[in-house]
Amino acid sequence: NSLSEHVWIRIVVFLCLWHWAASQLAYSISEEVNKGTVVGNLAKDLNINVQELENRDLRVVSSYSKTYLNVNLRSGNLLVEERIDREELCPLTIKCSLKLQAVLSNPMTAHRVEVNILDVNDNSPAFLESRYYLNISESSLTGERYFLPVAVDGDIGSNSVKTYKLSQNEHFSLDVQSGGEHGVSAELVLQKALDREKQSVINLILTAVDGGKPPRTGSLQIHVNVIDVNDNIPAFSKLLYKVRVKENATPGTLVIKLNATDLDEGMNSKILYSFIKRGNIDPSNIFDLNSETGEITVKGGLDYEETPAYEVRVQATDQGASPRSAQAKLLIEIIDINDNPPQISVTSLMTPVKEDAELGTIVALITVSDKDGGKNGVTSCKVVGSVPFKLKSNYKNDYSLVVDGPLDRETTSVYNVTITATDEGAPPLSSNKVITVHVSDVNDNAPKFMETVINVYVKENSPTGSVIYTVNAFDADLDVNAKVTYTLLDSSLKSIPVSSILNINSETGDIISLQSFNYEELKTFHFKVQATDSGVPPLSSNVTVNVLILDENDNNPTMLAPYSEHDAVNIENIPYSAEAGYFVAKIRAVDADSGYNALLSYHLSEPNGNNLFRIGTSTGEIRTKRRMSDNDLKTHPLVVLVSDNGEPSLSATVSIDVVVVESTAEIQTQFRHVPVKEDSFSDLNLYLLIAIVSVSVIFLLSLITLIAVRCHRTDGTFSRYSAPMITTHPDGSWSYSKATQQYDVCFSSDTLKSDVVVFPAPFPPVDGELISINGGDTFTRTQTLPNKEKVGHLYLFSFSALKTASYFFLVLGCLGGGGGIFCLFLSSTIFIFQPLSHYSSAPQVTESQLVKGDQIQLYWYNLSNKS
């Protein structure tokens, strides 16, 4: 096991080469040389300085189980490490060599080294049997020949059996025949007629001599029995038969039919055929011989790759009392067919491969072999399919699988590379080998957020330490490269670092508030979150987080002057002759909140229960319900409750004492809060007012004409927009509404205190409901379209129209919403301009929505007759 592990370690080192150089060195050395014998100098032959050998880590690697050769790093000599026995290493082969690889580092190179093993005469010839018995009739004629057993010698070439010698005798001589590649054979030749009566048994010694220096020998005892009878021997039609048979021949296939004749008669002429066993090859295991007919057929499987040819000796023997026989040689040549597909073997696989591996990086070393011969054994190899790998030829049938394109683990983490090897036979055979290559991860992907901008809605007064949002980033890499940490980037909000307001959990991405938020102080702010992975080097990405503070109803309504003094007694006088609907006072209040939390409603309470007064729920105007009677009190204490529309609702109260007086002269002194200074109107003011009115009239006439032309041309385009609707209420309030929005616009019928109030909703409720106010001091919720279209901001404005014969007072106001509305108020007429283009998703509105190039449609309403 340790030896096998040592061999594999050397092979792995060889396979990790970055650069491959194909070259070959050839040496020769005799077998059985002593350990330490110098084969050659690698440093000299590779043209490398000896001093560089250790730095370049010269190694010799091979696939043999033993380490036959090694290199001396000091001298560069290739030395014998183990005993080399040619007969053990390459049995029954003529050429024997050791194939090695010399590997150098810095840079990595590999050189093929082939060491030819030269045979030495270390094996003596030997016969398989120690004794050989030969029966020869006494009537045998001189010159008759008898095949003798051949000697087996493990050596080859000149060291193999070269000749035979026969011991001295008077009857027989020895004829030595050279068979070329098939060795040397010997035949016993009768030189003198035999006489059984003189000598019935003749003992001979056959000596086999090889060609070594000094030569080695082996001997065989031959016992010749002299038989007296049959004096004619069978004769073959040929002394040498040659025949060819395909290696895929099925059992029973006829190879050849032998023909031998005998001049004798009767049993002496009846011939039986048989095989002659020579050496360690028994033909009867491969072929069947019909002893009577002489037909030779295939018995076992023929394999050209194992044995390309068979040399068979056959014998024909008659059936006489003293049988006589004749021998012939049969040479059977096996015809190769393409019956072996190429074999693909992976000698080393370096996996996983980094996804940033350079082109040419070695992934595996591959060897292709084919047992067939000729063209049937010539192979070609290729990679099948579209994969970022290719085969690079190293030497003959040795290949390297290298990277041939960019690798991306996130796209493909495992490649099944199919390699096909095909030979040149007819038809060609091929085989496939699938190599699984795993791609390892490198940090080449930055974390990604699902959104580029994140909007977070946080209620004001939310508790400190609560999680307001959790950011999440995804990294396509693996393991450590995909582990994401989150940080807040340095930024300031009104000179206050964001880190003092918020904190973030670096692992989970939870954004935690460090303080409670106040909508009235801070409505929105933004910051950036950075996601960083743990790769080397780390990669990161940012996302912008917009925090929008949602208003809570945490502010009570506040009374405005002249009723703003706390615990003060407010007195208002009315004449006894006041008619129903007489204006008493107007309560004004504001709320620091926004939206529905700032939508105020007014309610009146009369402690004495006279039910003499009423109040506009949206205007705050107190008026009489009926005329005074003698039974009414002179002083009426009233309590006005102002409530907002939040949940829960917050409120404030103010107390007013209404005093009934007899004459109107007493009332005039009470209007402290409505000063009239008509004397202050100068000529300059008059000229200025005339100029403003003139310019406004000209502008409006031009604008109305232009819009009328536009509307006439594009009547069809207005069908998809719902016209605004003005709704009147019993208390004198007006409502302006659209298909997707509704605003309450309240007007007073009293010209002295007339204004317009629009109630906005910066952040509409989740259920998308808006509120309108009717004259019954109750709230009616009306359902709008789905709230995916944001209403946006509305701007508060007011105007007054003084009924004065000398001038008109002009006030301009606007509101901007999801539909982008622009309002112009002139005298008692409202002009509303609405763009034709609607926004698919309304942006956060901070200014008027009208921009240059917008188309508008015009609506106008006359407030005098409410048309």
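The analysis underlying the following values was restricted to heavy atoms, covering all of them including side chains, and did not include hydrogens, waters or symmetry mates.
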Identify which one of I504, V543, I511 satisfies the side chain to side chain contact (heavy atoms under 4.5 Å, CB included) criterion when paired with F527. I511

Quickly, which of I587, I571, V584 forms a side chain to side chain contact (heavy atoms under 4.5 Å, CB included) with I656? Name it, please.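 By the side chain to side chain contact (heavy atoms under 4.5 Å, CB included) criterion, I656 pairs with just one of I587, I571, V584: I587.
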
Answer yes or no: is there a donor N or O on one side and an acceptor on the other, between the side chain of [X] and the main chain of [Y], under 3.5 Å?
X    : Y    : value
N556 : L650 : no
D533 : L539 : yes
E355 : V442 : yes
S651 : L641 : no

Mutual orientation of the aromatic rings belonging to F449 and Y486 [parallel < 30°, tilted 30-60°, perpendicular > 60°]: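 Judged by the thresholds at 30° and 60°, the geometry between F449 and Y486 is tilted.
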
Can you list the steps and then say if I622 with Y602 is a side chain to side chain contact (heavy atoms under 4.5 Å, CB included)? CA-CA 10 Å; I622 302 175; Y602 300 86; over 6 Å; no

Mind checking the [atom1]-[atom2] spacing from [X] to [Y]? Nearest 0.5 Å is all I need.
X    : Y    : atom1 : atom2 : value
I549 : S462 : CD1   : OG    : 7.0 Å
N443 : S534 : CG    : OG    : 8.5 Å
E460 : S516 : CD    : OG    : 8.0 Å

Face-on cation placement of K523 at Y519 ring, 6.0 Å and 45° thresholds: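 Verdict for Y519: a cation-pi partner in K523.
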
Would you tell me whether N555 and D591 have side-chain atoms, one donor and one acceptor, within less than 3.5 Å of each other? no

